[in-house]
Every structure is written in C-alpha cells, then in structure tokens.
Amino acid sequence: MQAVIFPQAESIAVERVPDPSCARDEVIVQIARCGICGTDVHIFRNEYMSDFPLIPGHEFSGVIVDVGSEVADLKVGQRVAVDPNLYCGHCDFCRNEQANHCTNWQGVGVTRSGGFAEYVNVPARACYLLPEGMSDLQAAFIEPLACVVHAMKRFRILPGESLLILGGGPMGMLLLQALRHNGAAQVVVVEKQPQRMELARKLGASVVVPVGPDQDAALKEIAPRGFGVVVDATGIPAVIEHAFTYLRPRGQYLQFGVAPNHAKVQISPYDLFRNDWTILGSFALCYTFLPAIAMLANGVVDVEPLVSDTAPLSSFSDVFHRFAAGQTMKVHLVAK
C-alpha cells in the first residue's frame with residue numbers, strides 16, 4: 001500500500017509499504033479521509049511523544065475490509081471512525097475514569113502506524129460505527145470534535161458567560177460552535193488572517209478581533225473587567241503567557257492548543273492567588289467519541305467550511321508544509 005512516513009524528525013517520504021496484518025482482536029480499515037492536525041506538526045518537529053520512523057495520522061474514518069478471528073461485533077463493509085487513543089483498561093487511571101492518562105497509553109498515528117495510508121490495523125474496541133448519512137468529511141472530524149467535547153467537560157460554563165478564544169484555526173472554529181451551543185452568551189475570537197476572521201463571523205462569533213497593536217484595547221472595550229473564560233487554541237507560548245491579561249477575577253483559563261513539549265511560560269503566582277483563577281489543561285479526549293458523533297449527526301457544528309484542501313497521499317509534503325505555515329484550514333488526505 002501507499003503510505004506517508006516520517007522516517008526521522010523533519011523528514012517526509014511517501015512510499016510503498018507492506019499492507020498491515022490483522023491480529024485476532026483487530027480490524028483492517030481502508031482509509032476514506034484523514035485530517036492533518038497540529039499535533040502532526042509537533043510530531044514532525046520531534047516536539048511530541050513519538051518515535052521514528054512513523055506513519056502518522058489520527059483523524060480518520062473508513063471502511064472495514066478485514067476482521068480478526070476474535071472480533072464478533074464488527075463486520076466487513078461497515079463504515080467506522082477510530083478513536084486513536086488506545087487505553088489498557090486496567091491501570092489506576094483507566095479504572096478512575098481518566099483513561100487519557102493511561103500508564104500504558106498508545107496512540108494510532110502517534111506511537112503506532114496511523115491513517116495517512118491506504119489501510120491501517122486498529123483494535124476493534126477503538127472503532128465506532130458511523131450513523132446513516134454521515135459523510136466521510138464529517139466522519140474525519142469526529143476525533144478533533146471529541147477533543148473539543150473533552151475540553152468542554154473540563155470547565156464549567158455559566159449561563160450567559162463571556163468567552164475569549166485565541167486562535168481561529170480549525171480547532172478554534174470547532175470550539176466556537178460548540179461553546180455557542182453550551183450556554184455562552186458571548187464568544188469573542190482573536191485571529192490574524194482575514195479569511196479565518198470572516199469564517200469566525202459566519203460561524204457565530206459575537207466579535208472577531210484582529211491580532212495587532214490595537215488588540216488589547218479592543219478586548220478591554222468588549223470586556224472591561226475581563227472574560228469569564230479564556231481559551232488558547234494556538235499553542236504559541238507568547239500568546240499563552242499574555243492570555244492571562246484578559247482573564248477576569250475568578251475566571252477560568254483553558255490550555256487547549258498544543259505547545260512544543262519544551263516550551264515555557266511565566267505567570268505571576270501572586271496574580272493567580274489574588275484573582276482566584278482556575279487554570280485547566282485538556283489533553284486529547286476521554287471516551288468522548290459518542291457525543292461528538294451525536295453533535296455532527298444533529299448539525300450542532302458545521303465542519304464543511306473548515307476544510308480548505310483535499311489532496312491525495314502523494315501530495316502530502318506540499319499540503320503539510322502549507323498547513324504548518326498556517327496557509328490552510330483543515331486539510332484532508334485521501335488514498336487516491
């Protein structure tokens with residue numbers, strides 16, 4: 001089969017590799033679509049937890065083409081999405097409803113071969129059947145939307161809350177739509193690219209503020225005492241460090257964007273104490289595929305406008321570098 005490989009850090013190859021084999025408890029999925037994620041960029045730069053060589057790709061769906069001898073509840077021909085987070089189920093974290101911190105955690109496309117290929121083998125337990133009528137494009141958004149659902153479960157949105165999202169990329173746009181359906185009265189987005197700013201307006205942002213020298217003054221006018229919730233969806237250390245200037249007393253800060261694993265920011269412990277702030281992280285997802293599927297199936301979020309490019313695996317290097325440079329929105333790869 002054809003597959004994208006990161007042979008080593010900052011290196012890309014598209015090669016013919018052997019088709020995956022199917023273990024007793026696994027299925028083989030023929031990939032329909034797989035989305036490029038910011039985490040893939042961090043993996044490429046060796047800023048994450050992956051080893052090389054690696055077939056990346058963790059946002060995907062497809063059709064089952066083979067099932068292992070012990071798989072009883074799935075069959076060839078069924079369309080599925082795959083939760084790439086593989087939990088052991090028996091460590092203390094798994095047994096305490098914190099499976100995303102499983103001590104034996106493995107990730108499809110992160111620590112084992114992923115979806116930037118024609119086929120991938122995955123445990124049957126990681127597969128979720130797709131609803132009738134859900135498109136391949138929608139299905140490839142189940143994993144990123146499941147991350148958004150997990151993030152929303154990490155903090156409490158009060159009725160009529162004011163929220164600020166820093167970053168209007170694909171994940172920021174998913175957050176925007178989901179938060180508007182979760183009780184927020186005002187969702188403000190800060191973004192620098194005109195096309196993304198316009199998209200944020202169309203998808204329901206109350207106000208869109210351009211990045212620049214007037215940004216702080218504009219946000220101060222919108223929320224003189226600060227926002228109740230501030231979410232970073234950029235992963236940029238300088239943005240993260242400055243984000244706390246927008247947070248009101250007793251506000252909640254959520255770190256959603258993925259920063260490089262060596263990055264550091266400074267925060268005043270006195271400010272943290274004096275302002276009663278709550279600081280939260282949100283890593284990946286934790287059994288949130290089903291609500292993500294329900295949100296997509298019922299039209300809570302519109303994902304079609306978030307896809308700017310669809311390309312074959314052979315074009316991966318070009319579209320990947322454009323995505324990493326912020327020149328695209330979501331990019332989907334198809335094995336054709």
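Note that the numbering runs from 1 along the sequence shown for the chain.
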Novice: Any donor-acceptor pair under 3.5 Å linking the side chain of E191 with the backbone of G168?
Specialist: yes
Novice: Measure the spacing between CG of L74 and CG of L129 and express it to the nearest 0.5 Å.
Specialist: 6.0 Å
Novice: Using the rule given for side-chain contact (heavy atoms from CB on, under 4.5 Å), can you reason through R16 versus E118, listing the C-alpha separation, both sets of side-chain angles and the distance that settles it, and then say yes or no?
Specialist: CA-CA 10 Å; R16 303 297 301 185; E118 293 182 77; 3.5 Å; yes
Novice: Salt bridge check, R156 against E161: does any charged N sit closer than 4.0 Å to a carboxylate O?
Specialist: no
Novice: With sequence neighbours left out, which residue pairs that include part of residues 293-334 fulfil the ring pair (Phe, Tyr, Trp, His ring centres under 6.0 Å) condition?
Specialist: F6-F320, F44-F320, F44-H321, F116-F316, F141-H332, F316-F320
Novice: Could you list the residues that satisfy ring-ring contact (aromatic ring centres under 6.0 Å, His included) with H181, not counting sequence neighbours?
Specialist: none
Novice: Taking 4.0 angstrom as the limit, do R125 and E26 come out as a salt bridge?
Specialist: no
Novice: Would you check if there is a donor-acceptor pair between the side chains of N261 and E47 at a distance under 3.5 Å?
Specialist: no
Novice: Should the pair R322-D309 be classified as a salt bridge under the 4.0 Å nitrogen-to-oxygen rule?
Specialist: yes
Novice: If you look only at distance, which donor and acceptor atoms sit under 3.5 Å apart when one is on a side chain in residues 198-212 and the other is two or more places apart or in another chain?
Specialist:
residue, atom, partner, partner atom, Å
E198, OE1, R201, NH1, 3.4
S206, OG, V187, N, 3.0

Novice: With distance as the sole test, does S315 use its side chain to make a donor-acceptor pair with the main-chain N or O of D318 at under 3.5 Å?
Specialist: no
Novice: Between the side chains of Q215 and Y246, does any donor sit under 3.5 Å from an acceptor?
Specialist: yes
Novice: Out of curiosity, S282 OG to H150 NE2, how far, rounded to the nearest 0.5 Å?
Specialist: 4.5 Å
Novice: What is the distance from atom CZ of R225 to atom CG of L247, rounded to the nearest 0.5 Å?
Specialist: 15.0 Å
Novice: Pairs in or reaching into residues 153-178: which pass ring pair (Phe, Tyr, Trp, His ring centres under 6.0 Å), with residues at least two apart or in two chains?
Specialist: none
Novice: Between atom CE of M134 and atom CD1 of I293, what is the distance when rounded to the nearest 0.5 Å?
Specialist: 6.5 Å
Novice: When rounded to the nearest 0.5 angstrom, what distance separates CD1 in I36 from CD in E59?
Specialist: 9.5 Å
Novice: If you measure from the Lys or Arg side-chain nitrogens to the Asp or Glu carboxylate oxygens, is any gap between D136 and R79 under 4.0 Å?
Specialist: yes
Novice: Identify all side-chain donor-acceptor contacts of residues 269-280 below 3.5 Å with residues at least two apart in sequence or on another chain.
Specialist:
residue, atom, partner, partner atom, Å
N275, ND2, D271, O, 2.9
D276, OD2, R250, NE, 3.2
W277, NE1, R248, O, 3.1

Novice: Are there more than 12 heavy atoms of other residues, nucleotides or ligands under 6.0 Å from atom CG of D92?
Specialist: no
Novice: Going hydrophobic residue to hydrophobic residue with side-chain gaps under 4.5 angstrom, can you get from L290 over to V303?
Specialist: yes
Novice: Could you name each residue pair satisfying ring pair (Phe, Tyr, Trp, His ring centres under 6.0 Å) that touches residues 56-87, not counting sequence neighbours?
Specialist: Y87-Y287
Novice: Quick check on E70: does its CD atom have over 12 non-hydrogen neighbours (other residues, nucleotides or ligands) under 6.0 Å away?
Specialist: yes
